[in-house]
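Take a look at the structure set out below.
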Amino acid sequence: MLDIKLIRQNPDYVKERLATRDKAYSIMIDELLAVDNERRNIISEVEKLKSEKNKLSKEIGKLFKEGKREEAEKYKEEVNIKNKKIEKLEKELKEVEARFKDILLRIPNIPHPSVPIGEDENDNVEIRKWGEPRKFDFEPLPHWEIGEKLGILDFERGAKLSGSRFTVMFREAARLERALINFMLDIHTKENGYTEVWTPVLVKPEILMGTGQLPKFEEDLYKVCEEDLYLIPTAEVSLTNLHAGEILKEEELPKYYTAYTPCFRREAGSHGKDVRGILRQHQFDKVELVKIVKPENSYEELEKLVRDAEKILQLLELPYRVVELCTGDLGFSASKTYDIEVWIPSQNRYREISSCSNTEDFQARRAKIRYKDKQTGKNILVHTLNGSGLAVGRTLLAIMENYQRKDGGFDIPKVLEKYM
RNA sequence: GGAGAGGUGGCCGAGCGGUCGAAGGCGGCUCCCUGCUAAGGAGUUGAGCGGUUUACCCCGCUCCGAGGGUUCGAAUCCCUCCCUCUCCGCCA
């Protein structure tokens, strides 16, 4: 959520910056400002009436003590009239406030000035590459063929149990999945300084509001209707919201969290994309990294976060590249995002395996995560960052493809041997 | 699921329907005392919104789990819901 004060004071700046994502936001800003104006007018009026009412009520109390009954009765009449006016205005206010919030909650974050301007993923900028894609002396197979031949990836039974985009894994695949989770968590906790966390994967709507998935992206989420809970699409949701509504002590920052969780995404609107294999599933495992930091060093923290995620690929010896997303490809809550893309031999290209973002105070404002500044005593919104470290299913698929052998099998990266 | 108890500020905890944004304690901050540390003394210390302002200050409104209701007036009374704790039942 953007700061309404910023929008009020500098609407043109906000419009200009948001236009780098999509021109349509300019209209939303105008709408928002109109509603905000209306809202503030009503608030002033209501508050004036309430102030008068409070004064009269106190007066009545005093008169009762003094035994001046009749006089008090006269005042009561007056307050009743005010109450009727207040009631009417508050009804209006409630409606206007709802409209106000609805618009504000659907406006995305402002891209950081360093983010390249562009329309879509074609305008993303490659930052660096690591590793050399392997030269095969045979035609590399896609992971689903390798997996099916070995009988360790079972798409038919996945579909039988749950429908399309669900997979069953047997033996080595299942064990590799588990090994990767442990490996990633070990690196992040023992070498990168993150605190391991285990969280619920069913969360309340207001939690998803906090990180920005709701209200705009409801169709991407699985909902448990009976309980008004949602399955998380990423552990970013549960980790970031750990401190929702809290005022942290300055010395508590920064906080580094990592968690393994399954993630659930309906993938609405991606019909026909990546239908084969396990690249795009409704349920997948991910080890997530979340940082809660002070505003002044959040961009340094972002660089470090990306390196922490990259380290996993380096240890697994999987070639990858890092790209900086352009304004048009940025996610809703992000101010700046680096994607890490792993080399996929069967597609002869890099595919996303991690997305690392600084949301600045966008999520913090929604989730009300602040810290008390020691010097000034002021409560300041923190900056929140998140990144995959990494998507486990995609890592598994990358290993199967990059480490495949001519005989149809595949090797296990050295660092994973002790985990298998 | 059943029975009971309870949800108050960063934390603990008190609170007759008006004088309560809320006693007291802890913690935090400032100052004093002290060779240093420890201890002690004094003061100060909630959040959000709106107005005003460069900012500070100031003024107003709201907030005592959530939402309704009674009342001129609710932390205090009534209703509904949520959560926590204790006991019982069930269960991975």
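Order of the sequence lines fixes the chain letters, A, B, ..., with proteins taken first and strands second; residue numbering starts at 1 for each chain.
One C1' atom belongs to B/C33, the other to B/G41, and the distance between them is 8 Å to the nearest Å. Here, B/U76 and B/A3 have their P atoms 25 Å apart, quoted to the whole Å. To the nearest whole angstrom, the two P atoms, one in B/A75 and one in B/G17, are 13 Å apart. Spacing of P atoms, B/G10 relative to B/G6, comes out at 24 Å, to the nearest Å. Separating the P atom of B/C61 from that of B/A38 is a span of 44 Å, rounded to the nearest Å. Nucleotides B/G50 and B/C32 are separated by 41 Å at their C1' atoms, to the nearest Å. Straight-line distance between the C1' atoms of B/A92 and B/U86: roughly 23 Å, to the nearest whole Å. Rounded to the nearest Å, the gap between the P atom of B/C16 and that of B/C78 is 14 Å.
The ring pair (Phe, Tyr, Trp, His ring centres under 6.0 Å) contacts involving residues 288-312 of chain A comprise A/His112-A/Tyr299, where partners must be two or more places apart or lie in separate chains. Sorted by first and then second residue, the salt bridge (Lys or Arg N to Asp or Glu O under 4.0 Å) pairs involving residues 234-250 of chain A (not counting sequence neighbours) are A/Glu250-A/Lys294. Among residue pairs with one or both ends in residues 331-342 of chain A, those qualifying as salt bridge (Lys or Arg N to Asp or Glu O under 4.0 Å) are A/Arg321-A/Glu341, A/Glu324-A/Lys336; sequence neighbours excluded. Screening residues 201-225 of chain A for salt bridge (Lys or Arg N to Asp or Glu O under 4.0 Å) gives A/Lys223-A/Asp228 as the qualifying pairs, with residues at least two apart or on separate chains. Judged as a ring pair (Phe, Tyr, Trp, His ring centres under 6.0 Å), the pairs with a partner in residues 153-178 of chain A (not counting sequence neighbours) are, in order, A/Phe166-A/His282. Pairs passing the salt bridge (Lys or Arg N to Asp or Glu O under 4.0 Å) check and including a residue from residues 256-285 of chain A, sequence neighbours excluded, read A/Glu267-A/Arg280, A/Asp274-A/Arg280, A/Asp274-A/Arg351.
Residues meeting the side-chain hydrogen bond (donor to acceptor under 3.5 Å, both in side chains) test with A/Asn192, sequence neighbours left out: A/His188, A/Lys311.
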Per-nucleotide pairing state of RNA chain B [Watson-Crick or G-U, under 3.5 Å; [ ] pseudoknot-crossing; | other strand]: ((((((((.[[[..)..(.....]]]((((((.......))))))((((((......)))))).[[[[[..)....]]]]])))))))....

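For A/Tyr419 and A/Asp186, the side-chain atoms include at least one donor-acceptor pair closer than 3.5 Å.
Looking at A/Arg365, its side chain never comes within 3.5 Å of a backbone N or O of A/Leu381 through a donor-acceptor pair.
Between A/Glu251 atom CD and B/G10 atom P the separation is 16 Å, expressed in whole Å. Between A/Glu246 atom CD and B/G9 atom P there is a gap of 13 Å when expressed in whole angstrom units. Spacing between atom NZ of A/Lys249 and atom C1' of B/G28 amounts to 8 Å, rounded to whole angstrom units.
Among the atoms of the strands shown, none is found under 4.0 Å from any heavy atom of A/Lys368.
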Reading 5' to 3' through nucleotides 43-73 of chain B, protein heavy-atom contacts under 4.0 Å coded B for base, S for sugar-phosphate only, - for none: ----SSSSS--------BBS-----S---BS

